[in-house]
Chemist: 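Handing you a structure now.
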Amino acid sequence: MQNVNIWSEEFGAENDTPILLIMGSMSQGVLWPDEFVGRLTAGGRRVIRYDHRDTGMSDTVDFEAHPYTWDDIKDDVYRVLDAHGLESAHLVGHSAGGLLGQFVAVERPERVRSLTVIASSPLGGGEGQVLMRALLGQPQPEGSLPEPAPEFVDFYRALMAAPPPQDRRAVIDGMIAEQRVLHGTGLPFDEDAARRAQERIFDRARDLSAAANHRLAAGGNPDFEPVGVLHQVKAPSLVIEGSHEPVKPGHGAVIAEQIPGARLMIVAGMGHTLPPETHEELAAAVLAHTAG
């Protein structure tokens, strides 16, 4: 494992049941909303969230000098558990964080008390290839995962062709526009709240552009994900997807089909983010799933 300092914080009592929150690719740990974390803590959980390497307050890496892969990002999960003195914990992952949680549950089952996967894709399902083909306008082979919503594809095609923003305001405006698309169309989008959240993300990042190294890490090891292994997951598993998921629509059902005994939960109105309207329902589900 590379010597990279990972920022983390924990809430709740040390002897409470531990939950490790794993955020998605290129995303800071504080995207786990404070209200959601607070509900888990009030429910008797010791909650830990952290910034992936090259995001937020964790170390940024000179990728050219010290390249890494998603295996390293996955191994950071173990490093965070170790740093907090935990042999095992309940894992809750969002998007690519859910993918990491699946991998850890397969690779080190003794470290996973339960698994909750939110807005994610199945491990080894080829989600990255599906997204790339969608962006390039290429047909999807038979049996591929469902592709993203058209508005998501259109947004990222335009983003790839646009010049980079030149100042803080323009960067944050672009981040809000992205959040609007990820939010989906099922619930009202609170732009003021989104601005406050993205300003926080911008201001606490050591180097906001370093998060793009996650894409380089994916390219450095395109075979990162093992295929056909989800049947090996032994941890009790809860799979959560929003009814208006724009990025990975229907992927939750595929995960639930492949993990023995997994339960699929659909949250009405939710897209690919964690808006306030969903916090009570999500927290209640996670508390019930991590009880006992």
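Just so it is clear, the values below take in all heavy atoms, side chains as well, and ignore hydrogens, waters and symmetry mates.
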Chemist: Provide the closest heavy-atom pair for Gly269 versus Leu187 in the form atom of the first, atom of the second, distance.
Modeler: O-CG, 3.5 Å
Chemist: Are Val37 and Val286 connected in a single hydrophobic cluster, I mean Ile/Leu/Val/Met/Phe/Trp/Tyr linked by side-chain heavy atoms less than 4.5 Å apart?
Modeler: yes
Chemist: Any sub-3.5 Å donor-acceptor pair from Gln138's side-chain atoms to Ala134's backbone N or O?
Modeler: no
Chemist: Verify side-chain hydrogen bond (donor to acceptor under 3.5 Å, both in side chains) between Gln258 and His231, making sure each step is shown before the conclusion.
Modeler: CA-CA 6 Å; Gln258 294 185 20; His231 68 280; over 6 Å; no
Chemist: Parallel, tilted or perpendicular for His272 and His94, by the 30°/60° rule?
Modeler: tilted
Chemist: Could you state the interatomic distance from CG (Leu131) to CG (Leu145), rounded to the nearest 0.5 Å?
Modeler: 11.5 Å
Chemist: Should Phe103 and Glu225 be marked as a side chain to side chain contact (heavy atoms under 4.5 Å, CB included) after you check the CA-CA gap, both sets of side-chain angles, and the distance that decides it?
Modeler: CA-CA 8 Å; Phe103 201 155; Glu225 301 178 39; 5.8 Å; no
Chemist: For this output row, return yes or no: ring centroids of His289 and His90 closer than 6.0 angstrom.
Modeler: no
Chemist: Taking the side chain as everything from C-beta on, heavy atoms only, tell me whether Ser243 gets closer than 4.5 Å to Met270.
Modeler: no
Chemist: Using only atom types and a distance under 3.5 Å, with no angle test, would you say the side chain of Ser120 pairs donor to acceptor with the backbone of Val117?
Modeler: no
Chemist: Could you go through the salt bridge (Lys or Arg N to Asp or Glu O under 4.0 Å) check for Arg79 and Asp75 one step at a time?
Modeler: CA-CA 7 Å; Arg79 299 178 66 214; Asp75 288 345; over 6 Å; no
Chemist: State yes or no: do Val181 and Met175 share one hydrophobic cluster built from I, L, V, M, F, W and Y residues joined by side-chain heavy-atom distances below 4.5 Å, directly or via other members?
Modeler: no
Chemist: Given 3.5 Å as the limit, does a donor-acceptor pair link the side chain of Glu241 with the main chain of Gly252, or not?
Modeler: yes
Chemist: Roughly how far, to the nearest 0.5 Å, is the OH atom of Tyr156 from the CG atom of Leu135?
Modeler: 9.5 Å
Chemist: Other hydrophobic cluster members with Val227, side-chain heavy atoms of Ile/Leu/Val/Met/Phe/Trp/Tyr under 4.5 Å, chained?
Modeler: none
Chemist: Given Glu110 and Arg108, is the salt bridge (Lys or Arg N to Asp or Glu O under 4.0 Å) satisfied, shown in steps?
Modeler: CA-CA 5 Å; Glu110 76 280 4; Arg108 297 289 302 277; 2.5 Å; yes
Chemist: Taking a hydrophobic cluster as the set of Ile, Leu, Val, Met, Phe, Trp and Tyr residues connected by side-chain heavy atoms closer than 4.5 Å, whether directly or through intermediates, do Leu99 and Val247 fall within one such cluster?
Modeler: no
Chemist: Using the side chain to side chain donor-acceptor pair (under 3.5 Å) rule, collect all pairs that involve residues 11-31, keeping only residues at least two apart or in two chains.
Modeler: Gln28-Arg204
Chemist: According to a hydrophobic-cluster definition based on side-chain heavy atoms being under 4.5 Å apart (Ile, Leu, Val, Met, Phe, Trp, Tyr only), do Val30 and Ile73 belong together?
Modeler: no
Chemist: So, taking the atom named CD1 in Ile240 and the one named OG1 in Thr278, what distance separates them when rounded to the nearest 0.5 Å?
Modeler: 9.5 Å
Chemist: Evaluate whether atom CZ of Arg157 has more than 12 neighbouring non-hydrogen atoms of other residues, nucleotides or ligands under 6.0 angstrom away.
Modeler: yes
Chemist: Give the intermediate values and the outcome of side chain to side chain contact (heavy atoms under 4.5 Å, CB included) for residues Met265 and Leu238.
Modeler: CA-CA 7 Å; Met265 172 182 168; Leu238 172 64; 4.1 Å; yes
Chemist: Walk me through whether Ile201 and Leu208 qualify under side chain to side chain contact (heavy atoms under 4.5 Å, CB included).
Modeler: CA-CA 8 Å; Ile201 293 295; Leu208 198 66; 4.2 Å; yes
Chemist: I need the His244 NE2 to Thr185 OG1 distance, nearest 0.5 Å.
Modeler: 4.5 Å
Chemist: Give me each pair satisfying salt bridge (charged side-chain N to carboxylate O under 4.0 Å, His left out) with a member in residues 242-265, each pair once, sequence neighbours excluded.
Modeler: Glu127-Lys248
Chemist: Considering residues at least two apart in sequence or located in another chain, which fulfil the side-chain contact (heavy atoms from CB on, under 4.5 Å) criterion with Arg196?
Modeler: Asp192, Ala193
Chemist: Identify the heavy atoms of Leu40 and Leu287 that sit nearest to each other, and give their distance.
Modeler: O-CD2, 3.8 Å
Chemist: Taking all heavy atoms of Ala235 and all of Leu115, pick out the closest pair and write down the distance.
Modeler: CB-N, 4.2 Å
Chemist: What distance separates Leu100 CG from Ile22 CD1, expressed to the nearest 0.5 Å?
Modeler: 6.0 Å
Chemist: Any chance you could lay out the salt bridge (Lys or Arg N to Asp or Glu O under 4.0 Å) test for Lys74 and Glu107, step after step, and finish with the verdict?
Modeler: CA-CA 10 Å; Lys74 179 258 299 174; Glu107 184 178 68; 2.9 Å; yes
Chemist: Might you point out which heavy atoms bring Arg46 and Ala13 nearest each other, and give the distance in Å?
Modeler: CB-O, 3.4 Å
Chemist: Show me the pairs that pass side chain to side chain donor-acceptor pair (under 3.5 Å) and involve residues 144-154, at least two apart or across chains.
Modeler: Arg133-Ser144, Gln140-Glu147
Chemist: Quick one about Asp76 and Tyr50 (side-chain donor to acceptor, distance below 3.5 Å, no hydrogens or angles considered), yes or no?
Modeler: no
Chemist: Between Pro33 and Arg49, which heavy-atom pair has the shortest distance, and what is it?
Modeler: C-NH1, 4.3 Å
Chemist: Ignoring hydrogens and geometry, is there a side-chain-to-backbone donor-acceptor pair from Ser58 to Asp51 under 3.5 Å?
Modeler: yes
Chemist: Do Met57 and Val4 belong to the same hydrophobic cluster, where Ile, Leu, Val, Met, Phe, Trp and Tyr are linked whenever their side-chain heavy atoms lie under 4.5 Å apart, directly or via other members?
Modeler: no
Chemist: Is a side-chain donor or acceptor of His279 paired with a backbone partner of Leu274 at a separation under 3.5 angstrom?
Modeler: yes
Chemist: Where the side chain of Ser95 meets the backbone of Gly97, is there a donor-acceptor pair that is under 3.5 Å apart?
Modeler: no
Chemist: Report yes or no: do Ser121 and His251 form a side-chain donor-acceptor pair below 3.5 Å?
Modeler: yes
Chemist: Under 4.5 Å between any side-chain heavy atoms of Pro226 and Val229, yes or no?
Modeler: yes
Chemist: Might you work through the salt bridge (Lys or Arg N to Asp or Glu O under 4.0 Å) test for Glu87 and Arg111, ending with a clear yes or no?
Modeler: CA-CA 6 Å; Glu87 293 184 2; Arg111 306 210 69 169; over 6 Å; no
Chemist: Only pairs at least two apart or in different chains count here, so list each ring pair (Phe, Tyr, Trp, His ring centres under 6.0 Å) that has a residue in residues 167-214.
Modeler: His52-His214, Trp70-His214, His183-Phe189
Chemist: Determine, step by step, whether Ile48 and Leu21 satisfy the side chain to side chain contact (heavy atoms under 4.5 Å, CB included) criterion, reporting the C-alpha distance in whole Å, the side-chain angles of both residues, the deciding distance to 0.1 Å, and the verdict.
Modeler: CA-CA 6 Å; Ile48 299 163; Leu21 302 177; over 6 Å; no
Chemist: Any chance you could lay out the side-chain hydrogen bond (donor to acceptor under 3.5 Å, both in side chains) test for Tyr68 and Asn213, step after step, and finish with the verdict?
Modeler: CA-CA 9 Å; Tyr68 61 85; Asn213 287 340; 4.6 Å; no
Chemist: Working to the nearest 0.5 Å, report the span between OG1 of Thr41 and CZ of Phe11.
Modeler: 7.0 Å
Chemist: Restricting to non-hydrogen atoms, name the atom on Arg206 and the atom on Asp59 that form the minimum distance, rounded to 0.1 Å.
Modeler: NE-N, 4.3 Å
